[in-house]
Amino acid sequence: MSAMSKKARLEKMVQPGRTIRGQDGKDHPVGRLSPRDVLIHDWVHERVAEAQKMQAFMMEAKLKDFEEFDLICDLIAEEFDTVVSGRRGGALFESIDGLCKVQITTTDTKAIGSAIVAAEELVRQVLDELTDGVSPDLRRIVDQAFVRNPQTGKISAARIVQLVNTPIEHPKWPNAQRALRAAIKKEGSRRYMRFYHRESVDHNWELVDLNYSSLGA
């Protein structure tokens, strides 16, 4: 932090008449608050505001990118006198020099329906009736499959899919699998666009990572 930025931050902290609203809903004069708490308060609000600006910029850029992708698909379709509908599946576009490429994939989003109640009961019956006992790995898969997210209260569809594909030798297991599959509902689909580059055609592709948290600092 430069001397100027330090000075500016300190001046902001002690602006005459400045108050900060607390969690109690009341406005507190900064002079009655801990300087450290005021410093943290200001920095956190600034960073969140900047993050929201970046989020809005990326959302606008993403919408624009997919609009242009759809336009390119239409132009390619016109060349062959056809219509591309739904934009299902994926696509891979590569630059002529072989140094850049863009990959588009489509993933179905799933949710868990009310049939999960019957499915869980059937799965528990299968575990209880396994004469050779239940391995710790299988017990862990089952226990994790039915855990609800503490924030959303939802069961993970991915874990239910993993459980469906788990081989279990028991006469009731096919029935339990049917119940599990019935509990998995398709909610919609989501498109992803990933960007890659490389220094030369002899190098491996490198993903252009747009995840803020994973970037080195």
Side-chain angles (χ1 to χ4, degrees), residues 55 58-59 62-63 65-74 76-77 80 82-94 101-196 198 204-215:
Q55 181 188 53
M58 292 182 68
M59 179 59 70
K62 182 176 182 179
L63 292 173
D65 287 344
F66 272 109
E67 286 177 358
E68 293 182 350
F69 164 70
D70 290 337
L71 173 63
I72 289 175
C73 287
D74 289 339
I76 294 173
F80 296 97
T82 186
V83 175
V84 179
S85 61
R87 309 302 192 215
R88 293 295 301 164
L92 182 64
F93 295 160
E94 186 173 324
K101 70 177 179 180
V102 177
Q103 182 179 37
I104 294 88
T105 56
T106 302
T107 302
D108 292 332
T109 56
K110 298 180 176 64
I112 301 300
S114 58
I116 196 64
V117 177
E120 182 174 7
E121 176 60 27
L122 287 167
V123 171
R124 300 295 181 189
Q125 288 179 16
V126 170
L127 294 187
D128 291 342
E129 295 176 13
L130 283 174
T131 56
D132 296 333
V134 181
S135 70
D137 289 341
L138 177 56
R139 177 66 69 180
R140 183 165 54 253
I141 291 174
V142 172
D143 289 342
Q144 290 178 349
F146 297 106
V147 171
R148 294 183 178 273
N149 185 298
Q151 278 76 42
T152 63
K154 296 181 179 180
I155 292 175
S156 168
R159 289 178 176 172
I160 295 300
V161 171
Q162 180 187 15
L163 181 57
V164 169
N165 296 324
T166 301
I168 298 177
E169 294 296 329
H170 190 282
K172 290 185 178 179
W173 183 237
N175 195 29
Q177 287 177 304
R178 283 193 293 273
L180 288 168
R181 291 191 181 97
I184 302 172
K185 303 187 303 178
K186 179 183 174 182
E187 281 192 325
S189 60
R190 180 175 297 176
R191 293 194 296 177
Y192 297 89
M193 187 177 292
R194 295 179 176 87
F195 310 92
Y196 298 86
R198 57 185 176 182
N204 294 327
W205 289 107
E206 294 183 14
L207 174 68
V208 179
D209 194 346
L210 298 178
N211 183 349
Y212 181 89
S213 299
S214 66
L215 299 177

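All heavy atoms count here, side chains included; hydrogens, waters and symmetry mates do not.
- Taken from OG1 in Thr109 to CD in Glu187, the straight-line distance is 5.5 Å, to the nearest 0.5 Å.
- The closest side-chain heavy-atom distance from Met193 to Val102 is below 4.5 Å.
- Counting heavy atoms from C-beta on, the side chains of Leu210 and Lys62 never come closer than 4.5 Å.
- Distance check, rounded to the nearest 0.5 Å: NE2 of His170 to CG of Asn175 gives 11.0 Å.
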Between Arg124 and Asp143, does a salt bridge (Lys or Arg N to Asp or Glu O under 4.0 Å) hold up when you go through it step by step? CA-CA 10 Å; Arg124 300 295 181 189; Asp143 289 342; 3.2 Å; yes
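- Leu127 is listed as a side-chain neighbour of Leu138, based on a closest heavy-atom distance under 4.5 Å.
- Closest approach of Ala157 to Ile112, counting heavy atoms only: CA-CD1, 3.7 Å.
- Between the side chain of Gln103 and the backbone N or O of Leu92, no donor-acceptor pair lies under 3.5 Å.
- Between the OG atom of Ser189 and the NZ atom of Lys110 there is a distance of 10.5 Å, given to the nearest 0.5 Å.
- In this structure, Trp173 and Leu122 have side chains that are not in contact, with every pair of non-hydrogen atoms separated by 4.5 Å or more.
- More than 12 heavy atoms of other residues, nucleotides or ligands lie within 6.0 Å of CZ in Phe93, so this atom counts as buried by the packing criterion.
- By the 6.0 Å contact criterion, CG on Asn204 is open, its count of non-hydrogen atoms from other residues, nucleotides or ligands being 12 or less.
- Annotation: the span from Met58 atom CE to Asp65 atom CG amounts to 10.0 Å, rounded to 0.5 Å.
- Pairing each heavy atom of Ser214 with each of Asp209, the nearest pair is OG-OD2, 2.5 Å.
- Counting non-hydrogen atoms of neighbouring residues, nucleotides and ligands closer than 6.0 angstrom, the CD atom of Glu94 exceeds 12 such neighbours.
- Minimum interatomic distance between Gln125 and Lys172 (heavy atoms only, all atoms of both residues): OE1-NZ, 3.3 Å.
- To the nearest 0.5 angstrom, Asp108 atom CG is 12.0 Å from Ile184 atom CD1.
- Closest non-hydrogen pair, Val164 versus Gln177, comes out as O-NE2, 2.7 Å.
- The minimum heavy-atom distance linking Lys185 with Gly113 is given by the pair CE-CA, 3.9 Å.
- Here the closest heavy-atom approach between residue Ala145 and residue Ile155 is recorded as O-CG2, 3.1 Å.
- Note that CG of Asp70 and CD of Glu67 are 8.0 Å apart. Values are rounded to the nearest 0.5 Å.
- No donor-acceptor distance shorter than 3.5 angstrom exists from the side chain of Arg198 to the backbone of Trp205, with no hydrogens or angles considered.
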